[in-house]
Amino acid sequence: MSKTVPAVRSVKARAVVAPIARPVKNAFGVIEAAPLVLIDVATDQGVSGQSYIFGYSKLTLKPLVTLIENIGRDLVGKAIVPFDLMTVMDAKFRLLGWQGLVGMAVSGLDMAFWDALGRLAEKPLVELLGGSVRPLRAYDSYGAVDPAADERALKRSLDQGFRGIKIKGGDGDAANDERVVKGVRALLGPDIALMIDFNQSLDPAEAKRRIARLAPYDLTWVEEPVPQENLSGHAKVRAASPIPIQAGENWWFPRGFAEAIAADASDFIMPDLMKVGGVTGWLNVAGQADAASIPMSSHLFAEASAHVLAVTPTAHWLEFMDFGKAILADPIKIVDGTLTARGPGLGLE
């Protein structure tokens, strides 16, 4: 091994439940706080790579910490070459499969590996990947809203320069979805992109009915109208929809995206770094999106997504949902509706 290539010295994971400024209500409940796992990969060159993942439920935190640290012990002494390490972990978990906690752990470790390489190079990750630091268009991501009760918050997003707003649907009937979308569109005006996310809560027939009802309100996309694994259902909804379909946050690793793209499941895709295989997996999917001419956005993890989206040929929108604010020494900032990657590495402290 070249002396210039760092090796894993140790891996540490810590569970935290971080407060969030705005609870996120969706079709299945309310996220009041963010259950996170913080990952530190120490190298033999005195620099540590850092990342974090979002556990969705407090119940996942303890097993995730155990899993990440156990995987890390098996990687001690191995060179931090992310593509090689992904091959190692693919072989390790081939029979078990990638979905679920294993996939989250592997993806979180991959992000920390890349962060370590960026820190050692004293460069933002985007530059290490051959791109340049530049502002990326972001949208502000909400849960379910009420146009009257949340008017002040929505106007605050506009004051920050956001040119796109995403809200959740599916927590009521079709009439309620239309009432909310109509009210928010009136509040935002015609020049702000408006997206709605159903979080997999509808069946294809109901999705078609609701989308037809929402078509007059100039939506940029309808996100995950049906369960993520129902690729044929997604394709049927897409074929009938006057509004573009967005999906991908719950498709696992590049293989999942290859299957979804082959099924014509969506007009747009939005990988989640924690489920797509970290930075290594993202780069693979970005190539798929480029070959298929599919606009590609990010899901969560805005700090890291700002690096990889900047080297994505079909880059579309960056999602801003500030789960990192409570854990970062210097939280990221929106400037005129955009977010710019920071370094070194992923820019996390």
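These values consider heavy atoms only, across backbone and side chains, with no hydrogens, waters or symmetry-generated copies.
Minimum interatomic distance between Ala18 and Leu36 (heavy atoms only, all atoms of both residues): CB-CD1, 3.9 Å. Across Met86 and Thr280, no two heavy atoms sit closer than the pair CE-CB, 4.1 Å. Nearest heavy-atom pair across Pro147 and Leu187 is O-CD2, 4.4 Å. Counting all heavy atoms, side chain and backbone alike, Ala302 lies closest to Ile332 at CB-CD1, 3.8 Å.
Residues Met270 and Leu300 are not in side-chain contact: their nearest non-hydrogen atoms beyond the backbone lie 4.5 Å or more apart. Between Phe257 and Pro271, some side-chain heavy-atom pair lies under the 4.5 Å cut-off. Val76 places none of its side-chain heavy atoms less than 4.5 Å from the side chain of Arg9. Counting heavy atoms from C-beta on, the side chains of Tyr217 and Val184 never come closer than 4.5 Å. Residues Phe113 and Leu75 meet the side-chain proximity criterion, which asks for heavy atoms closer than 4.5 Å. For the pair Asn176 and Arg179, the minimum side-chain heavy-atom distance is below 4.5 Å. In this structure, the side chains of Tyr142 and Val24 stay at 4.5 Å or more apart for every pair of heavy atoms. Using a 4.5 Å cut-off on side-chain heavy atoms (C-beta onward), Arg22 and Met321 make no contact.
Under a 4.0 Å N-O distance rule, the pair Asp197/Lys168 qualifies as a salt bridge. For the pair Asp40 and Arg14, the salt-bridge criterion is met [side-chain N within less than 4.0 Å of a carboxylate O]. Between Lys155 and Glu151 there is a salt bridge, with a side-chain nitrogen of the basic residue lying less than 4.0 Å from a carboxylate oxygen of the acidic one. For the pair Lys12 and Glu69, the salt-bridge criterion is not met [side-chain N within less than 4.0 Å of a carboxylate O]. Under a 4.0 Å N-O distance rule, the pair Lys166/Glu223 qualifies as a salt bridge. Salt bridge status for Arg156 with Asp140: absent, with no side-chain N to carboxylate O gap under 4.0 Å. Ion pairing between Glu32 and Lys58 fails under the 4.0 Å rule for side-chain N and carboxylate O. Taking 4.0 Å as the cut-off between side-chain N and carboxylate O, Arg209 and Asp177 do not count as a salt-bridged pair. With respect to the salt-bridge test (charged N to carboxylate O, under 4.0 angstrom), the residues Asp74 and Lys92 qualify.
Asn250 pairs with exactly one of Gln228, Glu224, His299 by the side-chain hydrogen bond (donor to acceptor under 3.5 Å, both in side chains) rule, that one being Glu224.
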Residue pair Leu273, Met111: steps toward the side chain to side chain contact (heavy atoms under 4.5 Å, CB included) verdict: CA-CA 8 Å; Leu273 276 165; Met111 286 188 272; 3.8 Å; yes
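Aromatic rings from Phe162 and Trp317 are positioned such that their centres are separated by 6.0 Å or more. Within the 6.0 Å centre-distance limit, the rings of Tyr56 and Phe54 are counted as a close aromatic pair.
Criterion: ILVMFWY side-chain heavy atoms under 4.5 Å apart, direct or through other members. Under it, Val11 and Val47 are not part of a common hydrophobic cluster.
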